[in-house]
K.L.:
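Attaching a single structure in structure tokens format; questions to follow.
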Amino acid sequence: VFKRSSRSLLEFLNSWICKGEVLDPMGEFFIKVNPECKEKEQQWKHGLNFYKNKVPCFIDDSASQIIFTVGKVIRLLKKVDPNFNVTDVEPISLDELVSQTTNLDLHMKLQKVYVERNKTLLDYLLKNNNIMEVLQFWRGAMLTTRGDLMKAFIISLDSEVGIQNLHKSLKHQILYSLDKAIRDTVKEDKVLMRMLGIVFTDMGSYQQVDINNPTIYLVNFTFSAENYDAPLNYFFTKENVLMYQTCFRYLFTARVEHHELVKLWRIHSQSKVDRNPHIRALLKVASLTRVKMLNFIEGIISYWLYECVDHQWKLMTAKLESANGLDDFLNAHESYLANLYLRICFVDQKAPRESAQRKERYDLLLSHIMELIRTFRDLHNDIFSDLKKNLNMFEDGSIDSIERLENPEYREIASISANNSIGLQRSMQEIDIKFGRCVIDFIEFVDDPALIVKFDFNDYYKDMRSILNNRLGPGFY
């Protein structure tokens, strides 16, 4: 009676283990197709349901999990690899199934099938899907300066729409700038963008930031893996892509401000306004403030790139080298993104409520710093805008020209009032003081020696030691 009643169970198990087919018309057994899972990237994790309470008592947990995974791997291989042939596997007998608690033959048989099928899948993933190359591309495009796609993208955007109008940029302008950056930085034989799409997201999802404030560059697009087929699309779920986009947002914002500050230096170095003593004194103050801002931006970019991105990447690749199956690959990638997000945003996964408040405070501090940098840039640009006529008069001759000295228009422009100059200097000094206070608040909030050491190399932050020691205690450094 037991043999006859177990016949359907054996048919189900052997069909699943050998062919990856769910032979269960009556819905009796512990593996079922999940009809509610419609998204392609979720098929591996949620496309099949495993019901532990329906596993027969003579099949232990270890064997049932191996059975479940082997069938999943075979189903995936049949789907993605047209050359995959289901090799003959010796069917499981009822005696092996029932006596497994005392006989290891079944475990050994299942483990052998498990290893062989996973090896076949990983070989396909590495050789046919080039998963490591794809992950490296996403890292290079979204997170690092290698190949500097981000820098080329910023330059192209600046040329196309202007950084000051970035928050008003249109979709076709972003796509054009991105395409140009890719063509300039990515080798033709390495272009993986043909496999990617571009999705424009709702910037309002970042509710803690005013999306109309152009100082916060909430890039309203992200790369999309909708064109990826299985198993690549399992690595780029909507949640994972959002992680990439969030990390990209921080790096992109800092890189934009760095680009603009360097551009100010170029404008200053190419001008001849230092012939005017008032402007010379004013730009001296501006130059010192610009250096301080550049030091901060370069310090935090360095921290994000080397302490966060590079460190987490090394941890992920170490896990991938010892991976035995697709689940190990997926878990390593998800851990990489989760830890990267936590390190960049300085949040604690174990305390989600406190983490949300901490991230909001972190974003607010960064927003204030970026806003001060933008205010500084606007003031700096105003100086050159007011002196445009003066600059034009210097282009085609010497200031010592008698003709120019006798020109009343030139005398009026060249003799900028000391009061205006003092007012501009005070504005610059006020920005400098506010910026220093914001940086101190940021350092206190972060309280991470790996980040603080990035600022310790320059005199500006060394001068803050006394203030920081008073607030954080002696020996902080």
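Only heavy atoms go into these numbers, but all of them, side chains included; no hydrogens, no water, no symmetry mates.
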K.L.:
Got Asn130 and Leu232 here, is their nearest side-chain heavy-atom distance under 4.5 Å?
P.N.:
no

K.L.:
If you take the centroid of each ring, where Trp contributes its six-membered ring, are Trp138 and Phe236 closer together than 6.0 Å?
P.N.:
yes

K.L.:
Quick one, Arg290 and Met293 - any side-chain contact, counting heavy atoms below 4.5 Å?
P.N.:
no

K.L.:
Holding to side-chain contact (heavy atoms from CB on, under 4.5 Å), I want the full list of residues that pass it with Gln42, two or more places apart in sequence or in another chain.
P.N.:
Cys37, Glu39, His46, Thr237, Glu239

K.L.:
Please report the shortest heavy-atom distance between Ala230 and Leu76, naming the atom on each side.
P.N.:
CB-CD1, 3.9 Å

K.L.:
Using atom types as modelled and distance alone, determine if a side-chain donor or acceptor of Asn14 lies under 3.5 Å from a backbone N or O of Leu10.
P.N.:
yes

K.L.:
Can you tell me if Tyr234 and Asn240 form a side-chain donor-acceptor pair at under 3.5 Å?
P.N.:
no

K.L.:
Side chain to side chain contact (heavy atoms under 4.5 Å, CB included) for Lys52 and Asp61? Distances and angles first, verdict last.
P.N.:
CA-CA 8 Å; Lys52 187 176 180 180; Asp61 291 343; 3.6 Å; yes

K.L.:
Here's one to test your reading of the geometry: is the NZ or CZ of Lys54 within 45 degrees of the ring axis of Tyr51 and under 6.0 Å from its centre?
P.N.:
yes

K.L.:
Report the distance from atom CH2 of Trp16 to atom NZ of Lys72, rounding to the nearest 0.5 Å.
P.N.:
8.0 Å

K.L.:
Using the salt bridge (charged side-chain N to carboxylate O under 4.0 Å, His left out) rule, take Glu260 and Lys263 through it: C-alpha gap first, then chi angles, then the decisive distance, then the call.
P.N.:
CA-CA 5 Å; Glu260 289 295 282; Lys263 196 163 66 173; 3.0 Å; yes

K.L.:
Evaluate the side-chain proximity of Arg343 to Val309: yes if any heavy-atom separation is below 4.5 Å, no if none is.
P.N.:
no

K.L.:
Which heavy atom in Ala254 sits nearest to a heavy atom in Met370, and how many Å separate them?
P.N.:
CA-CE, 4.3 Å

K.L.:
Which heavy atom of Cys438 sits nearest a heavy atom of Ile369, and at what distance?
P.N.:
CB-CG1, 3.7 Å

K.L.:
Would you say Asn34's side chain and Asn49's backbone share a donor-acceptor pair under 3.5 angstrom?
P.N.:
no

K.L.:
Whether Asp441 and Arg437 form a salt bridge (side-chain N of Lys/Arg under 4.0 Å from carboxylate O of Asp/Glu) is what I want to check.
P.N.:
no

K.L.:
Taking the six-membered ring of Phe84, is NZ or CZ of Arg117 closer than 6.0 Å to its centre and within 45° of its axis?
P.N.:
no

K.L.:
Hey, would you say the Phe30 and Phe12 ring centroids sit under 6.0 Å apart?
P.N.:
yes

K.L.:
Before accepting this row, confirm whether a basic side-chain N of the pair Asp327/Lys45 lies closer than 4.0 Å to the acidic partner's carboxylate O.
P.N.:
no

K.L.:
Looking at CG of Asn118 and CG of Leu125, how far apart are the two atoms once the value is rounded to the nearest 0.5 Å?
P.N.:
11.0 Å

K.L.:
From Leu326 CG over to Leu122 CG, what is the distance, rounded to the nearest 0.5 angstrom?
P.N.:
7.0 Å

K.L.:
Give the minimum heavy-atom separation between Leu23 and Pro25, together with the two atoms involved.
P.N.:
C-CD, 3.7 Å

K.L.:
Any side-chain heavy-atom pair from Asn128 and Asp81 closer than 4.5 angstrom?
P.N.:
no

K.L.:
Below 4.5 Å, heavy atoms only, C-beta onward: do Val22 and Lys32 meet side chain to side chain?
P.N.:
no

K.L.:
Would you sort out whether Phe376 and Leu264 count as a side chain to side chain contact (heavy atoms under 4.5 Å, CB included), showing the intermediate values?
P.N.:
CA-CA 10 Å; Phe376 167 78; Leu264 284 185; 3.8 Å; yes

K.L.:
Within this structure, what is the CG-NE2 distance for the pair Leu157 and His259, rounded to the nearest 0.5 Å?
P.N.:
9.5 Å

K.L.:
For a 4.5 angstrom cut-off between non-hydrogen side-chain atoms, does Val80 reach Pro231?
P.N.:
yes

K.L.:
For Ile66, run the side chain to side chain contact (heavy atoms under 4.5 Å, CB included) check against Leu110, Val113, Val115 and tell me which one passes.
P.N.:
Leu110

K.L.:
For the residue pair Phe50 and Val55, establish whether any side-chain heavy-atom pair is separated by less than 4.5 Å.
P.N.:
yes

K.L.:
When you measure from the side chain of Ser367 to the backbone N and O of Asp363, does any donor-acceptor pair fall under 3.5 Å?
P.N.:
yes

K.L.:
Is Leu305 close to Asp310 at the side-chain level, that is, under 4.5 Å between some pair of heavy atoms?
P.N.:
no

K.L.:
Is any side-chain N of the basic residue among Glu371 and Arg374 closer than 4.0 Å to the acidic one's carboxylate O?
P.N.:
no

K.L.:
Could you walk me through whether Arg377 and Leu261 pass the side chain to side chain contact (heavy atoms under 4.5 Å, CB included) test, one step at a time?
P.N.:
CA-CA 7 Å; Arg377 290 195 287 105; Leu261 288 171; 4.2 Å; yes

K.L.:
Against Tyr336, only a single residue in Trp313, Phe329, Phe235 fulfils ring-ring contact (aromatic ring centres under 6.0 Å, His included); can you say which?
P.N.:
Trp313

K.L.:
Between Lys78 and Glu21, is the closest basic N to carboxylate O distance under 4.0 Å?
P.N.:
yes

K.L.:
Leu135 and His333: side chain to side chain contact (heavy atoms under 4.5 Å, CB included), yes or no, with the steps?
P.N.:
CA-CA 9 Å; Leu135 292 177; His333 180 244; 3.6 Å; yes

K.L.:
Are a donor atom and an acceptor atom from the side chains of Tyr244 and Arg139 found within less than 3.5 Å of each other?
P.N.:
no

K.L.:
Of all heavy-atom pairs between Tyr250 and Lys359, which one has the smallest distance, and what is that distance?
P.N.:
OH-NZ, 3.1 Å

K.L.:
Calculate, to the nearest 0.5 Å, the distance between atoms CD and CG belonging to Gln312 and Leu337 respectively.
P.N.:
10.0 Å

K.L.:
Can you see which heavy atom on Phe442 is nearest to which on Leu451, and at what distance?
P.N.:
CE2-CD2, 3.7 Å

K.L.:
Restricting to side-chain contact (heavy atoms from CB on, under 4.5 Å), what partner residues turn up for Ser159, sequence neighbours left out?
P.N.:
none

K.L.:
Quick check for you: to the nearest 0.5 Å, what is the distance between Trp304 atom CH2 and Ile344 atom CD1?
P.N.:
7.0 Å

K.L.:
Sort and list the pairs that fulfil side chain to side chain donor-acceptor pair (under 3.5 Å) and have at least one residue in residues 315-324, not counting sequence neighbours.
P.N.:
Lys319-Ser335

